[in-house]
There are 2 protein chains.
Amino acid sequence: MARPRQFDEDRVITAAMETFWRHGYEGTSTRDLCDSTGLGPSSLYNTFGGKRELYLRALDRYYETVTGAQIERLQGPGTAKDRLRAMMLTSVDSDLDADDGRGCFAINAAIELAGLDADVKRVVRRNFTRVEDEVRAVVQEGQDAGEIPADRDARAVARLVQSTYYGLRVLGRVQDDRDVLVATVDDTLERL
Amino acid sequence: MARPRQFDEDRVITAAMETFWRHGYEGTSTRDLCDSTGLGPSSLYNTFGGKRELYLRALDRYYETVTGAQIERLQGPGTAKDRLRAMMLTSVDSDLDADDGRGCFAINAAIELAGLDADVKRVVRRNFTRVEDEVRAVVQEGQDAGEIPADRDARAVARLVQSTYYGLRVLGRVQDDRDVLVATVDDTLERL
DNA sequence: CGGGTTTTGAAGCGACTGATTCAAAACGAG
DNA sequence: CTCGTTTTGAATCAGTCGCTTCAAAACCCG
């Protein structure tokens, strides 16, 4: 065998995710990545191939961790509407946190690169589809429990929730008034 | 007096808008701007100051032209719901046009820069607020005409429409199936 | 047409871009 | 301990970044 790596690949990808998440793809230089990961350029390129490949790995990591936590929240305790509300409010508060200010990495990637890079588009779509599927399941539960009117297709309702949700995350980038965003969340759920 | 300019400032800003719109701020170089505007770097910097200032001017231009056209559509003929539907469908079709693929410049700016540049945030917020105000007016008309239930605050309804609308524009970046997006538009309007 | 003013194109500034090279270092297997 | 393999850091590649300089060109006014 040969010399083992001095770094943890998972930690490196997580650090790269944070950097890409905050500064975008074009806004992140390879030096930025070396600084945030602690790797030298040769290690970085030897391990991952290049900036683009690392970006795709970072997007995957976002899907596994942040989106994963969102999914778990949707599958957690509480009524259907409680869980949908929790998902949206968690994001609203994250978007309004001044020390955060990164928004949703998947949405950022969709806006910056989905139109230019088919691989990015594919990964983002998988992310969105996964959320839609889980929201649909929650809506279905709500309908079964009589909490949400069952006269509409659960998937259609889920897409409505999803659109509003992503729209809120866009508005959260320029809207500082939390009450306005929370009111929209409540209105959305009331009308299901 | 002195030597007059050989270019039309409006045309230059429009060309810069197209370039920034398609490639983003970080994805656009000063060379790209020189190529698309036809100006030399000295003329460009002498006239506008720099890349960032030109970007802000381009955002203003988007507000005046594209958003302006949207506003006019909202103020045009047809029922309230017809006009809201027209606004959303126009954007859906624009987002799905493969030769276009730029999305909404204001949303792009919000995602890429609103968290990093207070001036960009201000301009985007003005854009969003203007749309919200106009949608609110249309909702109000719909309520006065008995087309939309009047038991809800028109502004709250407008914010709901706006969130869904911006969410659709995000989804439009990765969702190729027009029917899915159109169905969400219809569902949104049905539920007002 | 001369004088004053502005714009223009070409050249280039230092800094940084993504990426590569390469020898030294660090290991496990025999 | 040696060999074969892999990783690492340092140095550096050509190219591009945003931006500036400057003299020549282009104009209007008198």
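None of the values given here were measured: they were computed from a predicted structure. Chain identifiers are assigned alphabetically (A, B, ...) following the order of the sequence lines, protein sequences preceding nucleic acid strands; residue numbering begins at 1 within each chain.
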I need the CG-P distance between B:Asn46 and D:dT21, as an integer number of Å. 12 Å

Once you round it to whole Å, what is the distance between C1' of C:dA10 and CZ of B:Arg31? 12 Å

For the backbone of B:Met87 and the side chain of B:Arg73, can you confirm whether one donor and one acceptor N or O come within less than 3.5 Å of each other? no

If you look at every strand shown and take non-hydrogen atoms under 4.0 Å, does B:Pro41 touch a base, only sugar-phosphate, or nothing? base

Quick note, B:Thr30 side chain, CB onward, closest among D:dG18, C:dT21, C:dG9 is D:dG18

May I ask you to decide whether A:Glu132 forms a salt bridge with A:Arg125, counting only side-chain N to carboxylate O separations under 4.0 Å? no

In this structure, how many angstroms lie between the C1' atom of D:dA24 and the CD atom of B:Gln6, rounded? 13 Å

Starting at the 5' end of DNA chain D and moving along, which residue's nearest nucleotide shows up first, B:Pro4 or B:Tyr25? B:Tyr25

Quick one: pull up CZ in A:Arg191 and CZ in B:Arg191 and give me the separation to the nearest 0.5 Å. 9.5 Å

Can you confirm if the aromatic rings of B:Tyr62 and B:Phe20 lie within a centre distance of less than 6.0 Å? no

Side-chain N or O of B:Arg5 versus OP1/OP2 of C:dT7: is the shortest distance under 4.0 Å? yes

Reckon A:Ser43 has a side-chain N or O less than 4.0 Å from the OP1 or OP2 of D:dT8? yes

Please determine if a side-chain N or O atom of A:Ser29 lies less than 4.0 Å away from the OP1 or OP2 oxygen of C:dT17. yes

Measure from CG on B:Asp35 to C1' on D:dT16 and round the result to the nearest Å. 13 Å

Is it the case that B:Glu112 and B:Asn108 place a side-chain donor and acceptor less than 3.5 Å from each other? no

Rounding to a whole Å, what distance do you find between A:Leu44:CG and C:dA19:P? 10 Å

Measure from NZ on A:Lys51 to P on C:dT20 and round the result to the nearest Å. 14 Å

At under 4.0 Å, does any side-chain N or O of A:Tyr45 touch on OP1 or OP2 of C:dA19? yes

For C:dT7, does the base pair up with any side-chain atom of B:Arg3 as donor and acceptor (N or O, under 3.5 Å, distance only)? yes

B:Glu26 CD to D:dC17 P: how many Å, rounded? 12 Å

Taken to the nearest whole Å, CG/B:Leu33 to C1'/D:dC19 is 13 Å

